[in-house]
**Student:** 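I am attaching a structure below and will ask some questions about it afterwards.
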Amino acid sequence: MRLVVAMTGATGAPVGIRLLEVLRELGVETHLILSDWARATIKMESDQTVAQVRALASHAYSARDLAAGISSGSFRTDGMVVCPCSMKTLSAIRIGFSDNLITRAADVTLKERRRLVLVAREAPLSEIHLENMHYLARAGAVIFPPTVAYYARPASVDEVTNYMVGRVVDQLGIEHSLIERWKDNPHPVNGDSVISMVRSTN
């Protein structure tokens, strides 16, 4: 499998780094694009250098390198993930403003009908953000806010990060064992108990 992975300047660099580590462990060929602000965020949010992060990928590019092979639809890939994805990048993808390699590669991914996963990092969301996400979802992109599931009882930041990355990898159809899957509750709460619990709190 061959994937394009992009990191922007939104907070969440450790999630993008962990994604690269996991894809490498799974034998996926990765083509990494770092924006200028992604480089700055990596330095602020992780203990790894930009060079170390670039080394996790099979190939790495500057966001200014619009002559790179991945800027063309004739370069075959299985999809693209932008993790984390800033609202600036998301809005540029929405309108097809391909002024750098990240937005151009995303534009190519959409036009070639390949899987595009946008790990959108912002809160709260404005009407503009939501409208842009809605438009891209209708265009075929997967909008993936990096949310946490507490049913697995995460005990560390690493476990939270692994859960987020595992769910992103799920969207790419790749088998992995990063997360604990939801299972039927062996001790379900019956309706009467739920009603009693609600009444007792009122």
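What you see is a predicted model; the values in this text were computed from it and never measured.
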**Student:** Just by distance, do the side chain of Arg115 and the backbone of Gln171 share a donor-acceptor pair under 3.5 Å?
**Tutor:**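 Checked: pair present.
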**Student:** How long is the gap from CE on Met1 to CG on Leu172, to the nearest 0.5 Å?
**Tutor:**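 Spacing of CE (Met1) from CG (Leu172) equals 6.5 Å.
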**Student:** If every non-hydrogen atom of Leu32 is compared with every non-hydrogen atom of Arg54, which pair is closest and at what distance?
**Tutor:**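 Of all heavy-atom pairs spanning Leu32 and Arg54, the closest is CD2-CA, 3.9 Å.
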**Student:** State, to 0.1 Å, how close Ser71 and Ala67 come at their nearest heavy-atom pair, and which atoms those are.
**Tutor:**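 What the structure gives for the nearest pair is OG-C, 4.3 Å.
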**Student:** In terms of heavy-atom contacts, does NZ of Lys111 have more than 12 from other residues, nucleotides or ligands at under 6.0 Å?
**Tutor:**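 Check passes, neighbour count above 12.
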**Student:** Between Asn100 and Arg64, is any side-chain donor less than 3.5 angstrom from a side-chain acceptor?
**Tutor:**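 Absent: no donor and acceptor within the cut-off.
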**Student:** Check ring pair (Phe, Tyr, Trp, His ring centres under 6.0 Å) between Phe75 and all other residues, then give those that pass, not counting sequence neighbours.
**Tutor:**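 With neighbours one apart ignored, the set is His31.
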**Student:** Would you say Val15 ends up clustered with Val142 if hydrophobic residues are merged whenever their side chains have heavy atoms under 4.5 Å apart, either directly or through other cluster members?
**Tutor:**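 Val142 clusters together with Val15.
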**Student:** Would you say the side chain of Val5 lies within less than 4.5 Å of the side chain of Leu20, judging by non-hydrogen atoms?
**Tutor:**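 Yes, their side chains come closer than 4.5 Å.
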**Student:** So, for Pro154 and Val148, which heavy atoms are closest and what is the spacing to 0.1 Å?
**Tutor:**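 Closest pair (atom of Pro154, atom of Val148, distance): CG-CG1, 4.5 Å.
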**Student:** Would you find a donor on one side and an acceptor on the other, under 3.5 Å apart, between the side chain of Thr103 and the backbone of Phe97?
**Tutor:**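 Present.
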**Student:** Measuring from Leu34:CG to Ile102:CD1, what's the distance to the nearest 0.5 Å?
**Tutor:**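 Reported to 0.5 Å precision, the distance equals 7.5 Å.
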**Student:** Could you tell me whether a side-chain N or O of Ser126 sits under 3.5 Å from a main-chain N or O of Ile128, the two making a donor and an acceptor?
**Tutor:**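 Yes; judged by distance alone, with no hydrogens or angles, the pair exists.
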**Student:** Is a side-chain donor or acceptor of Asp78 paired with a backbone partner of Arg2 at a separation under 3.5 angstrom?
**Tutor:**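 Indeed, once roles are kept as given, a pair shorter than 3.5 Å links the two residues.
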**Student:** Are Val82 and Leu56 joined in one hydrophobic group, where the rule is that I, L, V, M, F, W and Y side chains link up if heavy atoms are under 4.5 Å apart?
**Tutor:**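 No, because Val82 and Leu56 fall into different hydrophobic clusters, even though each may have its own neighbours under 4.5 Å.
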**Student:** Looking only at non-hydrogen atoms, find the nearest pair between Ser62 and Leu101 and report the distance.
**Tutor:**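 Looking at all heavy atoms of both residues, the closest pair is O-CD2, 3.6 Å.
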**Student:** With rounding to the nearest 0.5 angstrom, report the CD1 to CG distance, Ile93 to Leu116.
**Tutor:**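 Rounded to the nearest 0.5 Å, the CD1-CG separation comes to 6.0 Å.
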**Student:** Under the rule for ring pair (Phe, Tyr, Trp, His ring centres under 6.0 Å), what residues qualify as partners of Tyr151, not counting sequence neighbours?
**Tutor:**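 Only Trp182 meet the ring pair (Phe, Tyr, Trp, His ring centres under 6.0 Å) criterion with Tyr151.
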**Student:** Are the side chain of Glu45 and the backbone of Ala13 linked by a donor-acceptor contact shorter than 3.5 Å?
**Tutor:**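 The answer is yes, because a donor-acceptor pair under 3.5 Å joins these two groups.
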**Student:** Between Glu122 and His129, is there a side-chain heavy-atom distance shorter than 4.5 Å?
**Tutor:**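 A side-chain contact exists here, since the closest heavy-atom pair is under 4.5 Å.
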**Student:** Counting distance only, does the side-chain N/O of Glu112 pair as donor-acceptor with the main-chain N or O of Thr109 below 3.5 Å?
**Tutor:**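 Side chain of Glu112 to backbone of Thr109, a donor-acceptor pair under 3.5 Å: no, none is there.
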**Student:** Going through the checks in order, is the side-chain contact (heavy atoms from CB on, under 4.5 Å) test met by Val119 and Leu19?
**Tutor:** CA-CA 11 Å; Val119 183; Leu19 175 63; over 6 Å; no
**Student:** Is any side-chain heavy atom of Val108 less than 4.5 Å from a side-chain heavy atom of Arg104?
**Tutor:**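 Of all side-chain heavy-atom pairs linking Arg104 with Val108, at least one is under 4.5 Å.
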**Student:** Mind checking whether Arg138 and Met133 have side chains closer than 4.5 Å, heavy atoms only?
**Tutor:**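 Answer no - side chains too far apart.
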**Student:** Are Val22 and Tyr163 linked, directly or through intermediate hydrophobic residues, by side-chain heavy-atom contacts shorter than 4.5 Å (ILVMFWY only)?
**Tutor:**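 Both belong to a single hydrophobic cluster.
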**Student:** With a 3.5 Å distance limit and no angle check, can you tell me whether Thr8 reaches the backbone of Ser86 through a side-chain donor-acceptor pair?
**Tutor:**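 Looks like yes, one N/O pair under 3.5 Å.
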**Student:** Does some side-chain heavy atom of Asp170 sit less than 4.5 Å from a side-chain heavy atom of His176?
**Tutor:**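 Contact flag for His176/Asp170 side chains = yes.
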**Student:** May I ask you to decide if Trp37's main-chain N or O and Thr41's side chain share a donor-acceptor pair within less than 3.5 Å?
**Tutor:**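 Pair found, side chain donor or acceptor close to backbone of Trp37.
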**Student:** What about Met80 and Phe144, same hydrophobic cluster or not, with Ile/Leu/Val/Met/Phe/Trp/Tyr joined at side-chain heavy-atom distances under 4.5 Å?
**Tutor:**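 In one cluster: no.
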**Student:** Please check if Ile143 and Val4 belong to a single hydrophobic cluster, counting links between Ile, Leu, Val, Met, Phe, Trp and Tyr side chain heavy atoms closer than 4.5 Å.
**Tutor:**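 Same hydrophobic cluster.
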**Student:** Other hydrophobic cluster members with Val157, side-chain heavy atoms of Ile/Leu/Val/Met/Phe/Trp/Tyr under 4.5 Å, chained?
**Tutor:**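 Other cluster members: none.
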**Student:** CG of Asn132 to NE2 of His134: how many Å apart, nearest 0.5 Å?
**Tutor:**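 If I round to the nearest 0.5 Å, the distance is 11.5 Å.
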**Student:** Starting at CG of Asp107, measure out to OG of Ser98 and round the result to the nearest 0.5 Å.
**Tutor:**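 Going from CG on Asp107 over to OG on Ser98, the span is 4.0 Å.
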**Student:** If you round to the nearest 0.5 Å, how far is NZ of Lys43 from OG1 of Thr49?
**Tutor:**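 Between atom OG1 of Thr49 and atom NZ of Lys43 there are 9.5 Å.
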**Student:** Measuring only between side-chain heavy atoms, which start at C-beta, is Met7 closer than 4.5 Å to Ile17?
**Tutor:**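 Met7 reaches Ile17 side chain to side chain.
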**Student:** Should the heavy atoms of other residues, nucleotides or ligands under 6.0 Å from CD of Glu25 be counted, would the total exceed 12?
**Tutor:**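 Atom CD in Glu25 is crowded, with more than 12 foreign heavy atoms closer than 6.0 Å.
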**Student:** If you take all heavy atoms of Pro146 and Arg121, which pair is closest and at what distance?
**Tutor:**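 Reported closest heavy-atom pair: CG-CD, 3.9 Å.
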**Student:** For Arg18, is there an ion pair with Glu21 - N to carboxylate O distance below 4.0 angstrom?
**Tutor:**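 A salt bridge is present here (some side-chain N lies under 4.0 Å from a carboxylate O).
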**Student:** Using modelled atom types and a 3.5 Å cut-off, is there a donor and acceptor pairing between side-chain atoms of Ser46 and backbone atoms of Pro14?
**Tutor:**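 Not confirmed, Ser46 side chain does not pair with Pro14 backbone.
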**Student:** Would you call Leu3 and Leu23 a side-chain contact if the rule is heavy atoms closer than 4.5 Å?
**Tutor:**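 Yes, side chains in contact.
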**Student:** Which pair of non-hydrogen atoms, one from Ser35 and one from Gly9, has the smallest distance, and what is that distance?
**Tutor:**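 In terms of heavy atoms, the two residues are closest at OG-N, 3.6 Å.
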**Student:** Does any part of the side chain of Arg94, heavy atoms only, come nearer than 4.5 Å to the side chain of Glu131, both counted from C-beta?
**Tutor:**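 The answer is yes; the side chains approach within 4.5 Å.
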**Student:** With a 3.5 Å distance limit and no angle check, can you tell me whether Ser58 reaches the backbone of Thr30 through a side-chain donor-acceptor pair?
**Tutor:**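 Yes.
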